[in-house]
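Proteins come first, then strands; the chains are lettered A, B, ... in the order of their sequence lines, and each starts at number 1. Keep in mind that what you see is a predicted model, and the values were worked out from it rather than measured.
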2 protein chains.
Amino acid sequence: MNKINDIFKDKNLKLTPQRYAIYKFLKSVKTHPSAEMIYNELKQDYPTMSLATVYKTLKTLIELNLVQELNVGEDNFRYDANVDIHPHIICLNCGKVDDIENTNFDNLKKDVLSYTDYDVLSYKLYFYGICSECKKGR
Amino acid sequence: MNKINDIFKDKNLKLTPQRYAIYKFLKSVKTHPSAEMIYNELKQDYPTMSLATVYKTLKTLIELNLVQELNVGEDNFRYDANVDIHPHIICLNCGKVDDIENTNFDNLKKDVLSYTDYDVLSYKLYFYGICSECKKGR
DNA sequence: CTGTGTGCAAAGCATTTGCAAAATA
DNA sequence: TATTTTGCAAATGCTTTGCACACAG
């Protein structure tokens with residue numbers, strides 16, 4: 001995790017323990033947590049950290065393109081330290097957010113370019129369904 | 001617009017002038033307005049209507065599958081009376097939300113099915129870029 | 001040392017809710 | 001007439017902000 005160190009130095013930002021912990025946690029996890037979830041998790045190791053710091057740090061990390069924000073359709077945002085464009089799938093039953101991996105939608109952007117007069121810069125794909133655990137439990 | 005009349009009758013819901021106006025307005029417009037935008041627009045013809053009624057009506061229309069909610073990544077929701085699954089494109093400069101028409105992403109859902117163990121029920125596609133008006137104005 | 005970041009509490013905003021009055025079927 | 005819906009205001013919940021103190025560089 002040297003990358004973040006250099007990026008922060010580059011921008012004359014301070015890499016505080018809180019910032020490092022939030023990024024490291026997001027990197028280590030595939031659950032796409034909300035700010036509140038991150039806060040509750042890190043409270044154990046950083047009991048004095050406030051929710052406001054989590055929000056401020058997330059905003060900073062997004063500006064540095066180290067984290068992306070997901071809008072799955074809940075009342076809050078989810079965060080993902082994998083900033084590559086990749087689709088997500090949300091369980092309509094338990095609310096879990098998963099990556100869809102190994103897919104290749106590179107051609108999608110090209111397709112869209114031919115249907116619109118926008119300059120297309122990026123995209124977000126959200127799929128909705130029922131996860132395997134929720135399917136079992138019925 | 002007989003459809004809405006029958007659907008409301010079916011569910012023993014009352015088709016009030018406010019509800020009808022909100023649906024008719026959404027049907028007539030391609031701008032994917034927010035609740036506030038709808039409210040401001042209809043205030044002219046329905047000066048006593050409240051924002052709360054707009055929200056309540058939108059919720060009802062969504063439950064009836066007459067309207068879909070869009071999560072373009074702003075701090076509020078947008079609404080679309082075209083409930084067919086279709087991609088949207090958002091101008092990062094002016095915030096405009098457009099439909100992408102004539103596209104066919106039917107195969108997309110099938111692709112995803114092969115990459116996930118979810119039952120895939122629906123999906124939302126959001127593209128981001130710069131619209132032609134904003135491109136000109138530079 | 002100096003300026004940036006943290007933590008707290010308060011503020012902001014979109015959305016929801018409770019309830020009495022009004023309107024629909 | 002019996003419910004449902006409206007409109008108002010207050011409440012809610014997520015996120016942001018202001019500010020004094022603490023801390024990283």
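- Taking the side chain of Y55(A) as heavy atoms from C-beta on, and the options dT16(D), dT15(C), dC8(C), the nearest nucleotide is dT16(D).
- Atoms NZ (K9(A)) and P (dT4(C)) sit 18 Å apart, rounded to a whole Å.
- Checked by atom type, the side-chain pair N71(B)/Y126(A) shows no donor-acceptor distance below 3.5 Å.
- Between E63(A) and K11(A) there is no salt bridge, since none of the side-chain N atoms of the basic residue sits less than 4.0 Å from a carboxylate O of the acidic one.
- Comparing atom distances between the N76(A) side chain and each of dC14(D), dT6(C), dT5(D) picks out dC14(D) as nearest.
- Looking at heavy-atom distances under 4.0 Å, T16(B) makes contact with sugar-phosphate atoms alone, never a base.
- Following rounding to the nearest Å, F8(A) (CZ) and dA24(D) (C1') show an atom-to-atom distance of 13 Å.
- Residue K14(A) contributes atom NZ, which lies 13 Å from atom P of dT2(C) at whole-angstrom precision.
- Residue P47(B) is classed as having no contact, given no heavy-atom separation below 4.0 Å to the nucleic acid.
- K59(A) comes within 4.0 angstrom of the backbone, heavy atoms only, and of no base.
- Here the P atom of nucleotide dT16(D) and the CZ atom of F77(A) are 8 Å apart, to the nearest Å.
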**OP:** Go through the steps to decide whether D98(B) and H88(B) satisfy the test side chain to side chain donor-acceptor pair (under 3.5 Å), and finish with yes or no.
**Re:** CA-CA 6 Å; D98(B) 273 328; H88(B) 292 91; over 6 Å; no
